[in-house]
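Following: one structure in structure tokens, then a few remarks.
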Amino acid sequence: MVAPGLRLGAERLFEMPAVLERLSRSNSTSQAFAEVLRLPKQQLRKLLYPLQEVERFLAPDRRQDLHLRIFDPSPEDIARADKVFTATEGNRIDYVSSAVRIDHAPDLFRPEVCFIGRSNVGKSSLIKALFSLAPEVEVRVSKKPGHTKKMNFFKVGKHFTVVDMPGYGYRAPEDFVDMVETYLKERRNLKRTFLLVDSVVGIQKTDNIAIEMCEEFALPYVIVLTKDKSSKGHLLKQVLQIQKFVNTKTQGCFPQLFPVSAVTFSGIHLLRCFIASVTGNLD
Ligand code: GDP
């Protein structure tokens, strides 16, 4: 990532329409992202920085100890990450294989990130949204819960691998715990685990099993809030509740939540940027 002192912060960029305009014309910006940059400022902010929307509704005294945005890249960094997620001749983004056992998983050459969550949390929809710049990648989104029974591996160019883990809870495969536990414990190239929580219902009992696994194995993990319904009140309530849980009850969880919507795409670009960053692709 660009050294913080050398780059324009997100806030300053927003105050400088000319810079945004130049960025949208730059060769280093994909066409899709250039169009995003032309959105009205309010809409652009909500799309790229969903937590900023929420922060504005916090009482000033609560802001002191609540550092909601720790990962706060500039739109330039977000544009660079979008490039990493854009399929081209030289940057092939493909489904690689599926596995039920770790010894059937593909090689360890690239850094890896994995996505886990309850069935129906919106995992396939999120992965599909992350890969929207690679339309050839087939991510199956099921109408029925419990669809993903294997670990599905996708490679993003030479950059990293994304793993879609089986959903837990309702209709989870019987060997779920063995499969997921072994993977989380033994996968040496695993850089970050993204644990999905449904923003409509918050953290459920079954989510605690996954949280406990991550804590026990001392894995760095991140909570992603899916199905961000855009209702500021609802999102604010969930963010505050889960943020408190993260701050007081966890050790390895990244202290920033990532609200996303696979419908409006809010938070998707930021999450791409975070993935690119933790896999060493923004250095
Ligand atoms: P999975 O079982 O975790 O892979 O969940 P899916 O991606 O199949 O999504 C489960 C259900 O939630 C489907 O009906 C989706 O259409 C819905 N869903 C997923 N993401 C979103 C979202 O961001 N917003 C809304 N409103 N619905 C979503």
Side-chain angles (χ1 to χ4, degrees), residues 98-105 112-128 130 139-142 144-154 161-228 235 237-260 262 267 271 274-275 278:
S98 298
V100 287
R101 287 173 30 194
I102 187 152
D103 42 341
H104 295 165
E112 201 158 278
V113 295
C114 78
F115 286 80
I116 60 173
R118 283 184 313 119
S119 301
N120 220 28
V121 72
K123 186 160 52 65
S124 319
S125 306
L126 170 62
I127 294 175
K128 212 173 148 84
L130 288 171
V139 182
R140 292 162 79 189
V141 179
S142 153
K144 287 191 214 130
H147 176 82
T148 313
K149 299 203 185 294
K150 296 179 177 178
M151 301 181 272
N152 300 316
F153 294 81
F154 300 88
T161 307
V162 169
V163 191
D164 179 9
M165 301 295 278
Y168 48 82
Y170 178 66
R171 290 186 61 196
E174 277 170 23
D175 48 0
F176 169 82
V177 173
D178 282 350
M179 194 193 313
V180 174
E181 198 172 69
T182 314
Y183 171 88
L184 293 178
K185 197 155 58 177
E186 294 182 6
R187 194 69 170 162
R188 277 176 289 123
N189 55 336
L190 180 63
K191 295 292 174 210
R192 206 61 55 129
T193 296
F194 291 88
L195 201 155
L196 275 47
V197 170
D198 188 332
S199 74
V200 180
V201 294
I203 295 178
Q204 301 286 291
K205 255 193 203 149
T206 42
D207 292 319
N208 283 316
I209 299 171
I211 292 170
E212 277 163 22
M213 272 191 210
C214 292
E215 291 285 329
E216 189 187 332
F217 305 144
L219 296 175
Y221 65 104
V222 183
I223 293 184
V224 176
L225 277 176
T226 61
K227 307 181 191 175
D228 169 7
L235 183 62
K237 187 168 150 245
Q238 288 292 4
V239 167
L240 291 178
Q241 239 170 38
I242 301 174
Q243 192 76 58
K244 189 169 168 206
F245 171 84
V246 168
N247 292 352
T248 57
K249 302 263 190 318
T250 69
Q251 298 289 325
C253 189
F254 189 67
Q256 173 175 332
L257 304 175
F258 285 80
V260 294
L271 190 57
F274 189 70
I275 295 170
V278 296

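The line from CG of Leu257 to CG of Leu240 is 9.5 Å long, rounded to the nearest 0.5 Å. Rounded to the nearest 0.5 angstrom, Ser124 OG and Leu196 CG are separated by 10.0 Å. Once rounded to the nearest 0.5 Å, the distance linking CZ of Phe115 with CG of Leu130 reads 5.0 Å. Of the inter-residue distances, the one linking Met151 atom CE with Ile116 atom CD1 reads 12.0 Å to the nearest 0.5 angstrom. Interatomic distance, Ile242 CD1 to Leu225 CG, rounded to the nearest 0.5 Å: 4.5 Å. Residue Asp178 holds its CG atom at 12.5 Å from CD1 of Ile102, rounded to the nearest 0.5 Å.
The minimum heavy-atom distance between Met179 and Pro166, with the atom names listed, is SD-CG, 3.7 Å. Minimum heavy-atom separation, Asn208 to Phe245: OD1-CZ, 4.0 Å. The two residues Leu190 and Cys114 have their closest heavy-atom pair at CD1-N, 3.8 Å.
By the side chain to side chain donor-acceptor pair (under 3.5 Å) test, Ser98 pairs with Tyr95, Asn152, sequence neighbours left out. Applying the ring-ring contact (aromatic ring centres under 6.0 Å, His included) criterion to Phe258, with sequence neighbours excluded, gives Phe274.
Sorted by first and then second residue, the pairs that involve residues 181-202 and meet salt bridge (charged side-chain N to carboxylate O under 4.0 Å, His left out), not counting sequence neighbours, are Glu112-Arg187, Asp198-Lys227.
Under the 3.5 Å distance criterion, the side-chain polar atoms of Asn247 are left unmatched by any main-chain donor or acceptor of Lys244. Lys128 places no side-chain N or O within donor-acceptor distance of the main-chain N or O of Ala262, the cut-off being under 3.5 Å.
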>> Working note: Val201 + Arg118, criterion side chain to side chain contact (heavy atoms under 4.5 Å, CB included); need CA distance, chi angles, decisive distance, verdict.
In response: CA-CA 12 Å; Val201 294; Arg118 283 184 313 119; 3.4 Å; yes
Per-pair distances, 0.1 Å, donor-acceptor, side chain in residues 209-219, under 3.5 Å, sequence neighbours excluded:
residue : atom : partner : partner atom : Å
Glu215  : OE1  : Gln251  : N            : 3.0
Glu215  : OE2  : Tyr221  : OH           : 2.5
Glu215  : OE2  : Gln251  : N            : 3.0
Glu215  : OE2  : Gly252  : N            : 3.3

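Using a 4.5 Å heavy-atom cutoff, the side chains of Tyr168 and Asp207 are in contact. Side chains of Phe194 and Leu271 form a contact here, defined as non-hydrogen atoms less than 4.5 Å apart.
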